[in-house]
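Counting starts at 1 for both ligands and their atoms, following the listed order.
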Amino acid sequence: MIDPILPTYNRVNLVFERGEGAWLITKDGDRYLDFTAGIAVNVLGHAHPHLVAALTEQAGKLWHLSNVFRIEGGERLAERLIAATFADTVFFTNSGAEALECSIKMARRYHYVTGTPERTRIIAFNGAFHGRTLATIAAAGNPKYMEGFGPSMPGFDHVPFGDIAAVKAAIGPETGAILIEPVQGEGGVRGASPAFLRELRALCDENGLLLILDEVQCGVGRTGKLFAHEWAGITPDIMAVAKGIGGGFPVGACLATEAAAKGMTVGTHGSTYGGNPLAMAVANAVLDVVTEEGFIARVQQVSGRLRQRLAELQDRHPSVIAEVRGEGLLLGLRTVVPNTDLIAAMREEHVLSVGASDNVVRLLPPLIIGEAEIDAAFAGIDAACTKIEARLKAATSEGAAA
Ligand SMILES: *Cc1c(COP(=O)(O)O)cnc(C)c1O
């Protein structure tokens, strides 16, 4: 019999009742260190008092308002995002995939209104993840997510991540934009080099293309900058944001320059819930904290410390951990054993993590972690690796005996 919930997820059999900062707590009071943060969503951890206050205050006033009316929280949030980034204008959505849908529509529409309507194609990268809608699975081009969902949305060309020659070769008369995650999250915590991002920016400028960044996972302080592209010293024309911006409330946003947004006039796009007052109240509260003096600098400091401890673990357990990678608090352990083995062993030690492609264990703690959480993570991963090594050893001696 089919599960009452459509069985599209492979769920861990744990039920959490509440959270406190970086910790998740079951009904029985078991505490787990949450290094998933809802997959880079809960940037301020669980039950952050400032977010709880913002949401409950707004809930007592006004939950929802159609976009046929002005929404003050959204106006304020847009102005603040504009002040903090390259952008001149913002469209609010409920999710990352919708922020990308808006980005893709905007790029096509830009060329439509600027006299190059044939430029509908977008160059994207192998290993990418852009969401689960029909357009975003086509944009990422991952066969695993497209199988059986054809016909696939046309208009995307895929090249190897980091391969500038392949990007150049893929640019044709119908190319309108380049779409990339500065750090591929689902793709295995693979960062594009700053030099590669600068080359993409230059290619876009030379060829009249729009640069679209997907910062749904790597944005909002995650890499130790407010947005990851700041490491490369470039700016995009369009950027999709979600996950961390809502701190756990469903919010996404498509940010753009005035030029790139040229075609998005009245009636061209919309969303019932996008920019909803509850969402705007929480996202403004997230921004209050993340843009506080010293917050992002502290992320860099904490991530340096965590990375150092992870490097120590790699030295101690070379038969389990092959590589530590990533930027800021978007970190990955590429494992020698199946990544799912380490994830399960860590969970037994009450440290939660998620997998990624390339046999990587992703570590995505809330940005508010401190020394105590780093120590707990170190101890948990250390114990998990020791257990796996013992199993490997037992298996080898069994093999030798046989
Ligand atoms: C999660 C994610 C998305 C999709 O976001 P949803 O909110 O699940 O639609 C898109 N791009 C990247 C890089 C992501 O990590």
Under 3.5 Å, N/O to N/O: give me all the pairs between ligand 1 and the protein, one per line with atom names and distance.
unit_1, atom_1, unit_2, atom_2, d
ligand 1, 7 (O), Gly96, N, 2.8
ligand 1, 9 (O), Gly96, N, 3.4
ligand 1, 9 (O), Ala97, N, 2.8
ligand 1, 11 (N), Phe129, O, 3.3
ligand 1, 11 (N), Asp214, OD1, 3.3
ligand 1, 11 (N), Asp214, OD2, 2.7
ligand 1, 15 (O), Gln217, NE2, 2.7
ligand 1, 15 (O), Lys243, NZ, 2.6

Using the rule given for side chain to side chain donor-acceptor pair (under 3.5 Å), can you reason through Thr136 versus Thr133, listing the C-alpha separation, both sets of side-chain angles and the distance that settles it, and then say yes or no? CA-CA 5 Å; Thr136 55; Thr133 62; 2.7 Å; yes

More than 12 heavy atoms of other residues, nucleotides or ligands under 6.0 Å from CD of Glu348: is that the case? yes

Pairs of donor and acceptor atoms involving the side chains of residues 190-197, under 3.5 Å and at least two apart or interchain, shall be tabulated with distances.
unit_1, atom_1, unit_2, atom_2, d
Arg190, NE, Gln184, OE1, 3.1
Arg190, NH2, Asn126, O, 3.3
Arg190, NH2, Gln184, OE1, 2.8
Ser193, OG, Phe196, N, 3.0

Would you call the rings of His229 and Phe227 parallel, tilted or perpendicular if under 30° counts as parallel and over 60° as perpendicular? parallel

Could you give me the CA-CA distance, side-chain angles and deciding distance for Asp237 and Thr257, then say whether side chain to side chain donor-acceptor pair (under 3.5 Å) is met? CA-CA 6 Å; Asp237 302 292; Thr257 63; 4.6 Å; no

Cationic tip of Arg347 above Tyr32 ring, under 6.0 Å, 45° of axis: no

